[in-house]
*Asks:* 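First the structure, then my questions, so here it is.
As the structure is a prediction and not an experimental result, all values here were calculated from the model.
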Amino acid sequence: MMNRTEKKVEDFVRKYDMIGRDDTVVTGVSGGADSVCLLFMLCALRERLGFRVLACHVNHGLRGEAADADEEYVRSLCESLGVPLRIFRENVELIARKRKQSTEEAGRLVRRSAFEEMCCRDGGTKIATAHHRDDNAETVLMNIARGTGLRGLCGIRPVRGKWIRPLLCLSRDEIEQWLGKKKISFCTDATNEEDVYTRNRIRHHILPALKEQVNAGTARHLSDLALQAQEVWDHIEKETDRAEAGCVTCSGGAGSGRKVLVDGAGFERLDPVIAKTLIHRCICRAAGEEKDVEAVHVTDIIALFGKQVGKAVNLPYGVKAERTYNGVLLTKPVRTEKSADVSAEVPLNIPGDTYFPGTGQIIQCVLLEKTDDFSPEEIPQKSYTKCFDYDIIKYSLSARSRRPGDCLVVDGKGSRQKLKAYFINEKVPRQERDRKLLIADGDHIVWIPGMRMSTAYQIGSRTKRILMIKITEDREYVRDDQSIDPGRRS
């Protein structure tokens, strides 16, 4: 028998058609109150709605023993609920330093990457996060304070593609009260009590002050405002799509070398709101990026329509906007820097180190004898360190970029997939495919470092010699993944 809170969540899920029958929902479980509540809610709904639940836990490596304790709690919780769990261990502090990001931003991106990887590896069709109504209110307040347009007022959407937020209908108090009534324990992250992060300051000081001194329903009202803004913004997006189809022409590749022409006659007929949204979109199209494209850049381009032919303005990411006879042309020059030859094929030194000039990476090969007490658990599960059955390799292994006819084995039955099809399915940008380092055995791809290895070369019961390959480079981070059951190693 569902109580009021559980019924509220189910109605919200159904209202936004978040989960369908036969979906596989990957949900983030940190061990905190919100994510634990979400896990229990999904488990309660899975039989009635006919979907599967998988859990994802990311250990950020920031809180030492406390983080390890959270990991063990989540592991135990998932076992008790019969939910398959995949754990990711990341050095977020190192990632943030190398990417020149805050630890908060780096952590968010690491979690997103982990969720996406689980969808890829384990057949996930939806990603559920535990954002609630107070989170939405905090987001709207933060966007207003930093400076935002209508889009920023939209806050957190209940559904965005495969990302869903089933708890967005609940407040933080409702979540904690429900957990208390159910006598469900959860972990407390001490960093959530610190005022280092902007969101925490809004959570601890600004929003409580508004609730106490202005209106107790502040969070609810801000969340309602976000929903109204979403409806308005969706209408603007549709009208902008129509305007783009009528007066914008694109040519060239995405980002570098792209040209975007905005027809002057068609642009003059647009409503000012749609015109501004269209220009912002056109700048992003030409740049291949959205961050750092601001209102001032939109204003500068709109002003160009009233100037003489030849006048130009410079925009972020090397984009140039120029007044032409037909309107305004946005261009981003093709990169001209000399790049290394990625087409060269370099035989691997086994054992030994091999330098691949195409990417500047070093490929370290070590031969190991498989002992009687060998366990599959000893196989490294890092994206840049893998072990292979050396006995079944037919030719000399080499490092190279892709070439016609390349394929890899994708399952235990020996099914092959063309490398081109794999890249397309994994949404690898066309311009990056030729630059990917591959470890090849003839035209069989043994390993795409950072992505996956061929199933054909996995270590088995008949393996006698193991080849361990490690790729070293000045990369942004190294993963330390643990396997899930069921699932496949990559």
Side-chain angles (χ1 to χ4, degrees), residues 140 143-144 146-157 159-161 163 226 228-337 339 424 427-434:
V140 173
N143 289 345
I144 291 173
R146 287 175 169 174
T148 187
L150 181 61
R151 185 178 179 184
L153 292 181
C154 295
I156 304 170
R157 288 180 175 267
V159 178
R160 193 172 188 87
W163 294 76
Q228 293 178 37
Q230 289 167 20
E231 293 175 352
V232 174
W233 182 253
D234 288 345
H235 174 72
I236 290 174
E237 286 277 84
K238 289 179 182 178
E239 291 300 314
T240 304
D241 290 342
R242 189 176 290 113
E244 183 177 5
C247 65
V248 176
T249 304
C250 297
S251 62
S256 181
R258 190 149 177 107
K259 296 182 179 180
V260 179
L261 176 64
V262 185
D263 177 69
F267 183 78
E268 288 179 359
R269 293 193 293 268
L270 298 179
D271 179 271
V273 173
I274 304 303
K276 291 177 182 177
T277 308
L278 178 64
I279 293 300
H280 184 276
R281 183 184 292 184
C282 287
I283 299 174
C284 297
R285 288 258 197 278
E289 301 282 352
E290 187 170 346
K291 187 180 179 182
D292 299 326
V293 177
E294 301 174 353
V296 63
H297 305 126
V298 173
T299 301
D300 287 344
I301 292 182
I302 291 176
L304 271 182
F305 284 94
K307 296 183 179 180
Q308 65 189 55
V309 173
K311 290 293 185 180
V313 294
N314 294 319
L315 300 164
Y317 304 105
V319 175
K320 180 180 179 181
E322 183 178 0
R323 182 69 166 97
T324 67
Y325 289 105
N326 296 325
V328 170
L329 178 66
L330 292 89
T331 58
K332 182 176 181 179
V334 178
R335 297 185 183 93
T336 58
E337 64 264 28
S339 58
I424 292 173
K427 296 180 173 57
V428 177
R430 186 186 301 272
Q431 64 272 23
E432 292 183 13
R433 297 172 197 169
D434 289 330

*Asks:* Might you point out which heavy atoms bring P316 and A287 nearest each other, and give the distance in Å?
*Replies:* O-CB, 4.5 Å
*Asks:* Apply side chain to side chain donor-acceptor pair (under 3.5 Å) to R151 and list each qualifying residue two or more places apart in sequence or on a separate chain.
*Replies:* E290
*Asks:* As an exercise, state the distance from NE2 of H280 to CD of E294, rounded to the nearest 0.5 Å.
*Replies:* 9.0 Å
*Asks:* If you round to the nearest 0.5 Å, how far is OG1 of T299 from NZ of K276?
*Replies:* 6.5 Å
*Asks:* Tell me, yes or no, whether the heavy-atom count around E432 atom CD, taken from other residues, nucleotides or ligands under 6.0 Å, exceeds 12.
*Replies:* yes
*Asks:* How far apart are the C-alpha atoms of E268 and F305, what are their side-chain angles, what is the distance that settles it, and do they pass the side chain to side chain contact (heavy atoms under 4.5 Å, CB included) test?
*Replies:* CA-CA 9 Å; E268 288 179 359; F305 284 94; 5.8 Å; no
*Asks:* Could you tell me the separation between the CD atom of E231 and the SG atom of C154, rounded to the nearest 0.5 Å?
*Replies:* 10.0 Å
*Asks:* Evaluate the side chain to side chain contact (heavy atoms under 4.5 Å, CB included) criterion for residues L270 and C247: first the C-alpha distance (whole Å), next the side-chain angles of each, then the deciding distance (0.1 Å), finally the verdict.
*Replies:* CA-CA 10 Å; L270 298 179; C247 65; 4.3 Å; yes
*Asks:* V262 vs L330, test: side chain to side chain contact (heavy atoms under 4.5 Å, CB included). Steps then yes/no.
*Replies:* CA-CA 8 Å; V262 185; L330 292 89; 4.2 Å; yes
*Asks:* Are the side chain of K332 and the backbone of G318 linked by a donor-acceptor contact shorter than 3.5 Å?
*Replies:* no
*Asks:* Distance check, rounded to the nearest 0.5 Å: L329 atom CG versus R323 atom CZ?
*Replies:* 11.5 Å
*Asks:* For R269, is there an ion pair with D263 - N to carboxylate O distance below 4.0 angstrom?
*Replies:* no
*Asks:* Run the numbers on V328 and I279 for side chain to side chain contact (heavy atoms under 4.5 Å, CB included), then give the verdict.
*Replies:* CA-CA 10 Å; V328 170; I279 293 300; over 6 Å; no
*Asks:* Once you round to the nearest 0.5 Å, how far does CD1 of I274 lie from OG1 of T240?
*Replies:* 4.5 Å
*Asks:* Roughly how far, to the nearest 0.5 Å, is the SG atom of C282 from the CG atom of L315?
*Replies:* 11.5 Å
